[in-house]
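Bear in mind the structure is a predicted one, so any value in this text is a computation, not a measurement. Below, chain A is the first sequence line, B the second, and so on; all start at residue 1.
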Amino acid sequence: MMEEEYQLEYFTTHGLIRKSCPSCGAAYWTRDPDRATCGDAPCEPYAFIGNPVFRPHSLKEMREAFLSFFERHGHTRLERYPVVARWRDDIYLTIASIADFQPYVTSGVVPPPANPLTISQPCIRLNDLDAVGRSGRHLTLFEMMAHHAFNSLGNEIYWKNETVALCDEFLASIGADLARVSYKEHPWVGGGNAGPSVEVLIGGLEVATLVFMNLGKVRSSDPPVLLDGEPYYPMTTRIVDTGYGLERFVWASQGSPTIYDAVFPEIVSTLVKKAGIDASLSDREFRNILALNAKYAGMMDIHGTNLLQMREKVAGIIGVSFDDLQRVITPFEKLYAIADHTRCLAYMLGDCIVPSNVREGYLARLVLRRTLRMMNELHLDGDLAELIEMQLQLSGDASFEQGLDIVREIVDNEVERYALTLDRGGRIVQKLATTYRQKNIPIPAQELVTLYDSHGIPPEIVRDVAAREGESVEFPDDFYSMIAGLHSRSVTEAENPHTRYAERVASLPPTQKLYYDQPDDMEFEAEVIDYFDGIVVLDRTLFYPEGGGQPADTGLLITGTGMVRVDHTIKLGDVILHQTKGAVINRGERVKAKIDEERRRSLMRHHTATHILLRAAKDVLGSHIHQAGAQKGSESSRLDIRHYKHITPDEVQRIEILANQMVMEDSLVSIKWEERTRAEQKYGFELYQGGVPPGKEIRVVRVNRDVEACAGTHCRSTGEVGPIKIIRLEHVQDGIERIEFAAGSAAIYYLQRMEGLLNDAAQVVSVQVENLPAAVQRFFTEWKDQRKEIERLQKKVAELEIARLNIEMIGDVRVTIQCLDATPQQLVNIANSISGSGGIALLASKDGKVHVVVGSGNTAVNAAAIVRKVCEILGGKGGGSPQLAQGTGQRVDLLGQAFEEGRAAIRAGLHG
RNA sequence: GGGCUGGUAGAUCAGUGGUAGAUCGCAUCGUUCGCAACGAUGAGGCCGCGGGUUCAAUUCCCGCCCAGUCCA
């Protein structure tokens with residue numbers, strides 16, 4: 001980045017000079033001619049610890065100081081956005097204040113909600129998860145205080161000089177000595193944009209970054225600037241993107257050993273007490289170690305793997321043994337991490353994330369389980385829900401949508417689930433440990449992979465459990481890459497089969513979309529603009545193209561010479577393609593068109609019903625209910641929602657009743673195009689249920705109390721929807737429940753079909769429908785009882801049969817060879833009874849074919865061998881154990897001969 | 001959406017191509033003033049559902065359902 005970008009008039013007129021840091025080489029601006037380094041870690045240790053650089057502020061005081069300062073200086077204060085970036089489909093969590101305004105405001109498509117503006121935006125970043133609690137400064141959730149100015153041609157707000165001036169003035173307003181502040185030059189690149197930026201440093205701490213976004217990836221006539229080898233071009237919109245770390249300001253204002261002590265003193269002290277380490281805090285030496293560690297830990301670049309090296313270094317610097325440092329620090333690290341994680345979870349859950357194994361829900365679960373593990377390691381009794389609730393209240397943030405009771409329920413749910421997983425895991429590991437101890441080898445790495453991949457048991461836990469069983473574990477360093485290898489597969493991307501038409505379609509004028517203005521019309525006339533591969537392009541159409549979960553319309557085109565069927569309609573850019581079968585159509589021809597009315601009306605009913613059901617589900621289940629997908633059909637439709645447990649039958653009924661009440665209220669459905677930012681402010685991000693539509697304006701559909709951005713066709717009023725019947729519930733995947741339903745006539749058909757099934761079933765057992773459950777229950781019980789009775793009787797019969805059997809003695813062994821009138825099961829019973837007392841039985845029964853059973857109580861005679869021989873003669877097969885064997889054969893007529901062979905074989909066995 | 005693991009008695013799980021098992025729990029009896037413990041006896045199973053292979057399937061194969069888990 002060019003040096004002149006940083007030659008600000010403000011710097012030169014306010015006595016700042018440009019210096020170069022001997023440690024890192026970076027250029028920086030300072031008022032202090034004697035300053036030695038740039039002032040950033042690791043060039044300089046934290047100087048503010050024990051020696052604050054601002055007047056003491058609490059979190060709340062600092063936030064207010066910032067926002068009101070910028071309000072006084074012409075900025076409009078904005079409410080924070082949710083930590084889940086629901087207005088974007090490229091990221092799950094809000095990672096910076098500027099993320100609130102991407103992509104449409106930053107690209108200039110949509111005007112900003114205010115200009116200039118100020119905001120304190122809670123952001124979540126999980127990429128340094130391992131450093132949280134250890135480094136003394138990392139957080140999963142932090143508030144990025146910001147002032148933004150969006151400059152465009154003809155609308156210049158302010159640029160670099162004013163930004164730095166505001167920064168200086170704000171720092172001074174909270175008590176900073178400006179002589180200690182340095183501005184470090186630092187070219188910024190991120191998310192397809194770039195520009196010069198300065199880092200604001202004081203007391204060794206970077207407290208803010210001022211970014212001047214003026215480069216983008218959109219090609220222009222200006223020469224490109226190369227950054228990291230990538231070309232960037234000047235933009236017409238230039239954005240002041242500042243980020244002031246609220247927590248860092250608070251920390252620097254208090255000079256506490258770690259950021260955690262400054263930011264959540266209440267939680268930290270609660271946890272210290274709970275963990276029973278409050279006594280050691282009064283020990284001076286102990287405190288000293290903590291403070292020194294904090295001071296130098298900040299200088300180290302922490303990434304999980306080299307933590308131990310870092311610790312050794314710190315131990316060396318502050319002059320204690322590695323083990324002492326480790327012993328003192330470890331519990332505090334965990335405790336700090338818990339303090340941080342619970343606040344992160346409070347915002348995640350408060351902003352309605354549902355923990356699950358997908359998307360942002362997975363991230364919430366990740367943080368939650370990590371917190372539980374650390375609580376467990378510190379032997380913290382007490383429930384997580386309580387801590388999170390405490391964080392929610394301490395935050396003083398009134399904008400959480402989720403109710404406390406549901407947050408508690410979700411957390412308790414997750415805690416219980418994790419306990420179950422670990423419990424189950426513990427048993428599996430125990431079993432494995434026993435197996436491998438017997439073999440006298442350690443548990444192999446492959447087993448660890450299976451345990452983690454299939455059962456979610458992390459190897460650390462396997463090691464612990466195995467150790468308790470006195471068994472060691474083979475824990476390879478590349479464990480997680482082994483896992484990654486298991487899952488690395490090329491993702492086959494679904495290709496839109498119509499993109500090959502893109503070039504041809506690009507030259508065509510946009511199709512006029514009649515279906516929006518005339519949702520009730522089903523017939524129209526139009527001119528054929530183009531015709532190729534059976535695809536008809538019209539100048540205007542009522543055919544709704546597939547999109548937003550609503551299937552395409554079908555229908556007829558009537559030409560001068562005949563009729564053509566439209567099977568499918570799709571949208572490609574601004575052009576709508578009608579896919580046809582049948583006759584050839586000529587360009588320029590006028591056609592009459594007719595949509596399949598019943599189908600379309602049913603689709604509209606189902607679509608409007610989807611909105612109603614979503615609202616009803618939200619009312620019944622809680623404000624975390626979001627649409628996770630939907631598919632409309634003309635027979636039935638599906639609505640997938642995010643929810644943390646299974647919907648109960650009782651809840652289904654309540655949702656159904658509520659939905660139908662909204663239908664009966666027969667309120668008008670209102671549809672209007674609104675400017676994006678305005679709509680977001682008016683209705684919130686609940687608007688985006690079926691994905692985030694592009695563009696400056698969005699189509700806002702209001703159905704009763706539900707308001708969504710939606711491009712589909714809808715009924716005029718809720719009354720037109722007709723009855724809504726939930727058909728079935730399905731658990732699609734963790735955290736997502738599917739509601740399948742029918743609306744209008746489809747609902748009636750469904751009810752009729754169900755009624756028919758009930759009637760048929762009732763008729764079979766000859767009872768009234770009302771009595772069906774009781775009758776079926778009775779029959780089932782009776783059937784079970786009778787089965788048992790039959791079994792008992794068969795045993796009895798077998799006993800009687802045995803008494804009547806012909807017994808011949810071969811040597812001193814009792815042998816029975818006989819054909820009986822009995823079931824195969826009975827034969828088995830009899831044979832068993834005889835072999836049980838040392839005898840040998842060769843039994844058969846005839847029913848079309850011959851069943852043969854041999855029981856042998858004598859080791860000299862192998863029952864299976866006898867059966868094989870006998871069945872072979874009978875033209876069949878058989879086998880079994882030496883004690884009992886069975887088989888069949890077709891040749892009933894050869895039974896006598898078969899018996900003789902059998903007798904010979906038994907005799908041979910006994911005499912052999 | 002894809003991969004993997006599992007589904008057997010009320011619970012936890014063995015097991016097997018040829019008569020379904022263990023432990024705990026439960027019931028009854030015994031021992032005891034009573035309880036725990038102990039001893040004896042017993043009840044309790046569509047071996048998830050549906051197909052296929054086989055003389056024979058709880059067991060092998062395919063599909064589905066349910067639960068769990070990892071990765072997108």
Base, sugar-phosphate, or nothing: which does [X] touch, judged by heavy atoms less than 4.0 Å apart?
X        : result
A:Gly876 : nothing
A:His731 : sugar-phosphate
A:Arg369 : sugar-phosphate

Which base, if any, makes a Watson-Crick or G-U wobble pair with [N], both distances under 3.5 Å?
N      : value
B:rG1  : B:rC71
B:rU58 : none
B:rC13 : B:rG21
B:rG45 : none
B:rU53 : none
B:rA37 : none

> Pick the nucleotide of RNA chain B nearest each of A:Trp783 and A:Thr888; which residue has the one closer to the 5' end?
Replying inline: A:Trp783

>> Reading RNA chain B from 5' onward, which residue's closest nucleotide shows up sooner: A:Ser835 or A:Gly878?
In response: A:Ser835

Could you work out which one of [options] sits closest to the side chain of [X]?
X        : options                : value
A:Arg417 : B:rU69, B:rC66, B:rC46 : B:rU69
A:Val732 : B:rG1, B:rC55, B:rU19  : B:rG1
A:Lys784 : B:rG45, B:rU69, B:rA67 : B:rG45
A:Asn832 : B:rU19, B:rU5, B:rC46  : B:rU19

What's the [atom1]-[atom2] distance between [X] and [N], to the nearest Å?
X        : N      : atom1 : atom2 : answer
A:Arg365 : B:rC71 : CZ    : C1'   : 14 Å
A:Ile457 : B:rG6  : CD1   : C1'   : 12 Å
A:Glu730 : B:rC65 : CD    : P     : 7 Å
A:Leu451 : B:rU5  : CG    : P     : 13 Å
A:Leu884 : B:rC55 : CG    : P     : 19 Å
A:Arg738 : B:rC66 : CZ    : C1'   : 16 Å
A:Leu448 : B:rU69 : CG    : P     : 19 Å
A:Arg868 : B:rG18 : CZ    : P     : 13 Å

Return no unless some side-chain N or O of [X] is found under 4.0 Å from OP1 or OP2 of [N].
X        : N      : value
A:Arg787 : B:rG45 : no
A:His646 : B:rA67 : yes
A:Tyr452 : B:rC71 : yes
A:Arg891 : B:rC55 : no
A:Lys788 : B:rA43 : no

> Less than 4.0 Å between a side-chain N and a carboxylate O, is that true for A:Glu901 and A:Arg903?
Replying inline: no

> Got a salt bridge between A:Asp351 and A:Arg86, using NZ or NE/NH1/NH2 to carboxylate O under 4.0 Å?
Replying inline: no

[N] versus [M] - spacing of their [atom1] atoms, nearest Å:
N      : M      : atom1 : result
B:rG7  : B:rG17 : P     : 16 Å
B:rU59 : B:rU53 : C1'   : 13 Å
B:rC49 : B:rC13 : C1'   : 22 Å
B:rA57 : B:rG52 : P     : 11 Å
B:rG15 : B:rG45 : C1'   : 15 Å
B:rG21 : B:rA36 : P     : 30 Å
B:rA43 : B:rA27 : P     : 16 Å
B:rA14 : B:rU23 : C1'   : 10 Å

> Taking atom types as modelled and ignoring hydrogens, do the side chains of A:His643 and A:Glu737 form a donor-acceptor contact shorter than 3.5 angstrom?
Replying inline: no

> Going by atom types only, do A:Tyr418 and A:Arg365 share a side-chain donor-acceptor pair under 3.5 Å?
Replying inline: no

> Do the side chain of A:Ser835 and the main chain of A:Ala831 share a donor and acceptor less than 3.5 angstrom apart?
Replying inline: yes

> Would a distance-only check, ignoring hydrogens and angles, find a side-chain to backbone donor-acceptor pair under 3.5 Å from A:Ser856 to A:Val861?
Replying inline: yes

> Does a sphere of radius 6.0 Å around CZ in A:Arg891 hold more than 12 heavy atoms from other residues, nucleotides or ligands, not counting ones at 6.0 Å or beyond?
Replying inline: no

>> Using 0.5 Å steps for rounding, measure from the CD1 atom of A:Ile406 to the SG atom of A:Cys352.
In response: 8.0 Å

